[in-house]
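Scroll down for the structure; my scribbles are underneath it.
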Amino acid sequence: MTTIEQMEEVTAKLKERACEVCAETWEDRVKKQTPHCKFGEDGVCCKNCSMGPCRITPKANRGICGADAHAIAGRNYLRMIAAGTSAHSDHAREILHILHGASAEGNYQIRDEQKLVRLAKEYGVPTEGRDIYDIAHEVADTGLAEFGKSFGTQIFIKRATAERQRVWKEQGIEPRAIDREIATSMHMTNMGNTADAEALIRQGLRTSLSNGWGGSMLGTEISDIIFGTPTVRTTEGNLGVLEHDMVNIVVHGHDPAFSEMVVTAAEVKELVDYAKSKGARGINIVGLCCTANEVAMRHGVRMAGNFLQQENAILTGAVEMMCVDVQCIFPALAPLSECFHTKFVTSSPIARIPGSIYIEFKQETAFDQARELVKMAIDNFQNRDMSKVYIPPMKQNAVVGYPCEQIIGHLDGVANSHVDEFGTYKPVIDAIKAGVLRGAVAIVGCNNPRVRPDFSHFEIMKELLRNDILIVATGCAAQVATKAGLLNREAKYLCGTGLRRVCDLVNIPPILHMGACVDISRMMLLATGIARDWGVDTTQIPVVGCAPEWMSEKAVSIANYVVSTGIDVYLGIEPQVKGSSQMMELITQGTRKITGAGYIINTNPHELVTAIIDGIEAKRAALGI
Ligand code: BF8
Ligand code: SF4
């Protein structure tokens, strides 16, 4: 196992390097930004019109238009949900366009025909006797219509339990077209519209559902169809995956359409030979952030780290190229790269960054472009300044690649109770009922300098394992587990006796890596599958979500669709609504009356994990187990 202290030692060494080359890092910028603006922190600053900005203070309890703290904090919060929903969903839209343009001879092909045909059937797209690409294009059309259709609700909500569907309908939060929910949120928060906090929260739940049971779910499904549904593989994680004698290319961001091409290009023999001709042992592709999760799950590509480690990768001085697509990319990477030989390449019109080399990635030319990039990185190998290189000798083995299909497959292997093509979650339900497993927690989300990076994740994970609680993880949280060595089957020795027995029986690590943040949609289907096979609703099962170090607007959207799905969410960072008592009440209690779930917020990780365990035990007690 690697401890947080050991990781921090490495960061400190890299930070010294940064000082030597006069580079600025996030730690420096945090100092300059501290203390943070209190109005912003509390969510009570409004600049939705140019009469403002208006701030709520003890002296001024309303903005110029009369909006109070509840209206302002509620509007800001809804805008975060809308922005987060747009990010995940627009990512999915890009992937749908790739599917629409896929062909047998093109850059992108269909890798999971079974999943495509299943989705076609769900969509009512005819499949009999048709060419697979004709089916794919019609499926893509239907998927794209989910963004802008004039009438109706998201097709995937039919996948939820009957009880969830009833709740969403009765509460008036069934998600309509994705773009419509985002536009409605922007309209409602526009000057002179909704000032009622509960109405803003309700629209937040609805918008988030268009993400979790719309955009994100589409992103996951279509990525599986084009790039293959992930399977269990072994890989490694942390900065030690960078190599001294190889051309190091880091892929960072979220959209697998880009990284998949770079990974494929790096395997071309001619390029590998070219790298050797330049004195390198070969080409080493590694991932960062959610891209790392995507390519690790599908190819076993090694993972360099998570969100607050992106600068560290460049600080090793050993990265020939960092290529990025969209989301969670520090603009700071551009000036930082200039302190080294690293080429920083941006590829998407959605994420343009001054100081980067911009090569707009196009579906038709993707593979050739990826080859050019890999060649550029190889040519850059000779520019590496060995006096600036420090690759921390720190990495861990990890087993990754547990989408629902793999989880259920492993369970079926044990129970030998195959009920249909999807299998059954009965073995896990039996283990929970028997108390061998107390429940499950989905640990997700980012790093945030507001708390000691990775520490909260690590502390919470260890305590849950000790208490026989299975963990599923995605995003940067999954990378903490990777770096720490918790995705290793040997991590079972940290578990209570029950969980350890389950790990042995099913041959799994105690933390299951389910993918990137869009793959939290997989977690919704996992919870739904368990609830269905149990014969109850998602809100009743002893399964909760936890985002100990979240920072992104995407995380706010996710937290809301998880709550909408009836699953409690434990947060280690306070949402920026503290300036409104109504909003605080709504996010922790009010949503319970609407969806049956809400937030539990505690910035102390030890208290947060105790609350999680209590929450799981309370769910068990309510079920009479
Ligand atoms: O979507 S966990 S820092 S990388 S937002 Fe970003 Fe947060 Fe990481 Fe992926 Ni998710
Ligand atoms: Fe101020 Fe109202 Fe304009 Fe907001 S919308 S900036 S509170 S006047």
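In listed order, ligands and their atoms are each counted from 1.
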### Task
Answer yes or no: is there a side-chain heavy-atom contact under 4.5 Å between Leu308 and Trp26?
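Result yes, sub-4.5 Å side-chain heavy-atom pair found.
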#### Entry: Pairwise side-chain contact, Met461 with Ile511, heavy-atom cut-off 4.5 Å (strictly under)
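With C-beta onward as the side chain, the pair touches.
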### Task
Might you work through the side-chain hydrogen bond (donor to acceptor under 3.5 Å, both in side chains) test for Trp213 and Ser564, ending with a clear yes or no?
CA-CA 10 Å; Trp213 293 82; Ser564 300; over 6 Å; no
Protein contact of [atom] - nearest heavy atom, named by residue and atom, plus distance:
atom                    : answer
atom 8 (S) of ligand 2  : Cys65 N, 3.4 Å
atom 8 (Fe) of ligand 1 : Cys476 SG, 2.3 Å
atom 5 (S) of ligand 2  : Met191 CG, 3.6 Å
atom 3 (Fe) of ligand 2 : Cys49 SG, 2.3 Å
atom 6 (Fe) of ligand 1 : Cys328 SG, 2.2 Å
atom 1 (Fe) of ligand 2 : Cys54 SG, 2.3 Å
atom 7 (Fe) of ligand 1 : Cys446 SG, 2.4 Å

### Query
Counting both backbone and side chain atoms, is some N or O of Gln327 under 3.5 Å from an N or O of ligand 1?
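No, no N or O pair falls under 3.5 Å.
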### Query
Going by the order shown, which atoms of ligand 2 are within less than 4.0 Å of some heavy atom of Met51?
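Ligand 2 atoms under the 4.0 Å threshold to Met51: 8 (S).
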### Task
With heavy atoms of Gly52 as the reference, note each atom of ligand 2 found under 4.0 Å away.
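Selected atoms, number and element: 6 (S).
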Distance under 4.0 Å to a non-hydrogen atom of [X]: what atoms of ligand 1 satisfy this?
X      : value
Ser552 : 5 (S)
Cys289 : 4 (S)
Met551 : 3 (S)
Lys554 : 1 (O), 5 (S), 9 (Fe)
Cys517 : 1 (O), 2 (S), 9 (Fe), 10 (Ni)
Phe307 : 3 (S)
Gly445 : 2 (S)

### Query
Taking the six-membered ring of Phe39, is the NZ or CZ of Arg55 close enough (under 6.0 Å from the centre) and on axis enough (within 45°)?
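Ring-cation test returns yes.
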### Query
Any ion pair linking Arg450 and Glu549 (charged N to carboxylate O, less than 4.0 Å)?
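Here Glu549 does not pair with Arg450 in a salt bridge, since their nearest N and O are not under 4.0 Å apart.
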#### Entry: Identified side-chain contact (heavy atoms from CB on, under 4.5 Å) counterpart of Asp255 within the set Ile95, Val518, Thr291
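So, applying the side-chain contact (heavy atoms from CB on, under 4.5 Å) to Asp255 and each of Ile95, Val518, Thr291, only Ile95 qualifies.
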### Message
Could you check whether Thr25 and Lys15, counting side-chain N and O atoms only, form a donor-acceptor pair closer than 3.5 Å?
### Response
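Looking only at side-chain atoms, Thr25 and Lys15 do form a donor-acceptor pair, the distance falling under 3.5 Å.
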### Polar contact flag, side-chain donor to acceptor under 3.5 angstrom, Gln309-Asn238
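A donor-acceptor contact under 3.5 Å links the two side chains.
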### Test side-chain hydrogen bond (donor to acceptor under 3.5 Å, both in side chains) applied to Thr235 and Arg302, step by step
CA-CA 6 Å; Thr235 183; Arg302 299 182 301 165; 5.9 Å; no
### Query
Roughly, to 10 degrees, what angle do Cys290 atom SG and His254 atom NE2 form around atom 9 (Fe) of ligand 1?
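Once rounded, the angle between the two atoms at atom 9 (Fe) of ligand 1 is 100°.
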### Derivation and outcome, ring-ring contact (aromatic ring centres under 6.0 Å, His included), residues Phe330 and Phe307
CA-CA 9 Å; Phe330 277 6; Phe307 181 61; 5.2 Å; yes
### Task
I would like to know whether Asp454 and Asn306 meet side-chain hydrogen bond (donor to acceptor under 3.5 Å, both in side chains); could you show each step before the answer?
CA-CA 9 Å; Asp454 296 345; Asn306 49 357; 3.1 Å; yes
### Query
With a cut-off of 2.8 Å, does any N, O or S atom of Cys46 fall short of it relative to atom 4 (Fe) of ligand 2?
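Yes, within the cut-off.
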